[in-house]
Protein chains: 2
Amino acid sequence: MVEAVEPVGRDKRVARSQAAVLAATYELMLEGGLAGVSVDEVSRRCGVAKTTIYRHWPSRSALLLDACSQMGTAVPVPDTGGLAGDLHILVEGLADQLRAPGWPAILPSIIDAAERDPDLARAHAELHRSLMDPFLDAVEQARRRGDIRGDRDPTAVVASLVGPLFYRRWFSREPLDAAFVDQVLDVALDVAGAAARQGSTSGGGARSGPVR
Amino acid sequence: MVEAVEPVGRDKRVARSQAAVLAATYELMLEGGLAGVSVDEVSRRCGVAKTTIYRHWPSRSALLLDACSQMGTAVPVPDTGGLAGDLHILVEGLADQLRAPGWPAILPSIIDAAERDPDLARAHAELHRSLMDPFLDAVEQARRRGDIRGDRDPTAVVASLVGPLFYRRWFSREPLDAAFVDQVLDVALDVAGAAARQGSTSGGGARSGPVR
DNA sequence: CGGAAAAACTACGAAACCGTAGCGTAGTGT
DNA sequence: ACACTACGCTACGGTTTCGTAGTTTTTCCG
């Protein structure tokens, strides 16, 4: 939206203002969700005048949309050579994110809003893509290698991986401990197709030990 | 909260008012989530004076809390005699609920609010219990029968069942079609423990047919 | 039918919010 | 050095909201 790239000799002031505003907006989203963000409070908190905010964003909605769009964290796609290793890294990373404060406090708000606002729905779709693409890539790559049953829908495999984690964090609110993550991984690998497993079906948490 | 039981000769008027208010509140929650409910609008919509609303609920929060607490739908626990049959019925029922309008539009809002408001967190916990208890019952019953591996945590099994459904509905927003539901069921039964399966590991969707 | 309880109505006060306008000031790029 | 632009500040208008008070009207119960 804001072309930050390009050495067009952009004014430093706008960059500083925009950064400060976005930071404060993010901070307020952490505390109160999307509904907890008011332009007045953003202005108050970051020291940027309200008029300046409206100079850069046409409306409060646009500001929120912009802030949400910048939440995508580029997750590096691992490549351990095997599906199990890749997924282990990805799932552990996701679990860490879910245990930390941060977007666990924001995502529900975005999802709620996306249920009604089409613009936010688009933003959520992109955010979701950026979060889940690594998983999908790993699964599809394994599928091409033949490590996964061909009749499994890759998106469904991903769902069986991350769904339980999300459920655990937001719906059941039970602890997201290592045993749970291990079990999810174990299950998903079973699902995926058994071709890649080496007799791990019997020992549930056994795999988690060495990998750590 | 409101003791509706008791033949204390309750006044009809209060019953009518409370019912109308709660209905309008629910309706507004459907349209705009928790944030979309204002006492003024509730009053406007159901024809009950605002002062009357405040006579029955001390604050807007209390009204929302009450409305949320009454969302629990008593799901009958099926008993087909087998884990597969029970789960099939339960999961299909859940998928139907997720496809319909109704609490798919409200739950994200509750979850978002529960992230910050302890009272709503409690309400959400109870709501969650009422929704998930049938699943947990089915799984634990199967476990007692020995149809499930003993080293599986029942709550994790439930998570592997319903997590993907929730994920699909709210996070990925991909269609919640029959094939997906079948695959989830298939997976979860594998997870649960293999004791109950009869060589179905090879045939993915095959199981869903006979069970019906 | 009559007393009592509940509800409706009107009005209010205080706060928060969005978005805009005008004007003086300070910083930037050339 | 200078013109330009962004910024801060103050102030406003309009709307929405929460919650309360006082008064009158309707409705129920015995």
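Only this structure's heavy atoms are used, side chains among them; waters, hydrogens and symmetry mates stay out. From a predicted model like this one, the values you see are computed outputs, not experimental measurements. Labels below follow one simple rule: chain letters A, B, ... track the order of the sequence lines, proteins then strands, and each chain is numbered from 1.
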Separation of dC9(D) atom P from Ile53(A) atom CD1, nearest Å, is 12 Å

Nearest 0.5 Å, please: how far is OG in Ser160(B) from CG in Leu165(A)?
11.5 Å

For the pair made of CD in Glu41(A) and P in dC17(C), what is the distance, rounded to whole Å?
7 Å

Enter the distance from Leu120(A):CG to Glu115(A):CD here, rounded to the nearest 0.5 Å.
12.0 Å

With axes from five pairs an end, tell me the bend angle of the helix from dG19(C)-dC12(D) to dT30(C)-dA1(D), nearest 10°.
30°

What is the distance from atom NE2 of His124(B) to atom CD1 of Ile111(B), rounded to the nearest 0.5 Å?
4.5 Å

Is any side-chain N or O of His56(B) closer than 4.0 Å to OP1 or OP2 of dA7(C)?
yes

From CZ of Arg10(A) over to C1' of dG29(C), roughly how many Å is that when rounded to an integer?
12 Å

Expressed in angstrom and rounded to an integer, what is the separation of Leu63(A) atom CG from dC17(C) atom C1'?
14 Å

What is the distance, to the nearest angstrom, from the OH atom on Tyr54(A) to the C1' atom on dA6(D)?
18 Å

Salt bridge check, Arg45(A) against Glu41(A): does any charged N sit closer than 4.0 Å to a carboxylate O?
yes

5' priority, DNA chain D, between Ala15(A) and Lys12(B) [closest heavy atom]:
Ala15(A)

Please report the distance, rounded to the nearest Å, between CZ in Arg55(A) and C1' in dA21(C).
11 Å

Taking Arg116(A) for its side chain and Glu31(B) for its backbone only, find out whether a donor-acceptor pair lies under 3.5 Å.
yes

Interatomic distance, Asp11(B) CG vs dT27(D) P [rounded to whole Å]:
12 Å

Base contacts versus sugar-phosphate-only contacts with protein, heavy atoms under 4.0 Å: please encode nucleotides 10-16 of chain D as B, S and - from 5' to 3'.
B------

Regarding the side chain of Arg13(A), the nearest nucleotide among dA6(C), dA6(D), dG29(C) is dA6(D)

Separation of Leu83(A) CG from Asp147(A) CG (nearest 0.5 Å)
6.5 Å

Is Arg99(B) atom CZ crowded by more than 12 heavy atoms from other residues, nucleotides or ligands, each under 6.0 Å away?
yes

Is it the case that the side chain of Ser43(B) and the backbone of Val48(B) share a donor-acceptor pair, with hydrogens and angles ignored and the cut-off at 3.5 Å?
yes

By nearest atom, which of the nucleotides dA7(C), dA8(C), dC28(D) is closest to the Val14(B) side chain?
dA7(C)

Side-chain ion pair, Arg143(A) and Glu140(A), N-O less than 4.0 Å
no

Rounded off to whole Å, could you give me the CG-to-C1' distance for the Asp40(B) and dC12(C) pair?
13 Å

Contact between Ile106(A) and Tyr26(A) at the side-chain level, heavy atoms closer than 4.5 Å - yes or no?
yes

Are Trp170(A) and Phe171(B) close enough that their ring centres sit under 6.0 Å apart?
yes

Looking at Asp40(B) and Arg60(B), is any side-chain nitrogen of the basic one under 4.0 Å from a carboxylate oxygen of the acidic one?
no

Near DNA chain C, counting only heavy atoms under 4.0 Å, which residues of residues 115-123 of chain B show up?
none

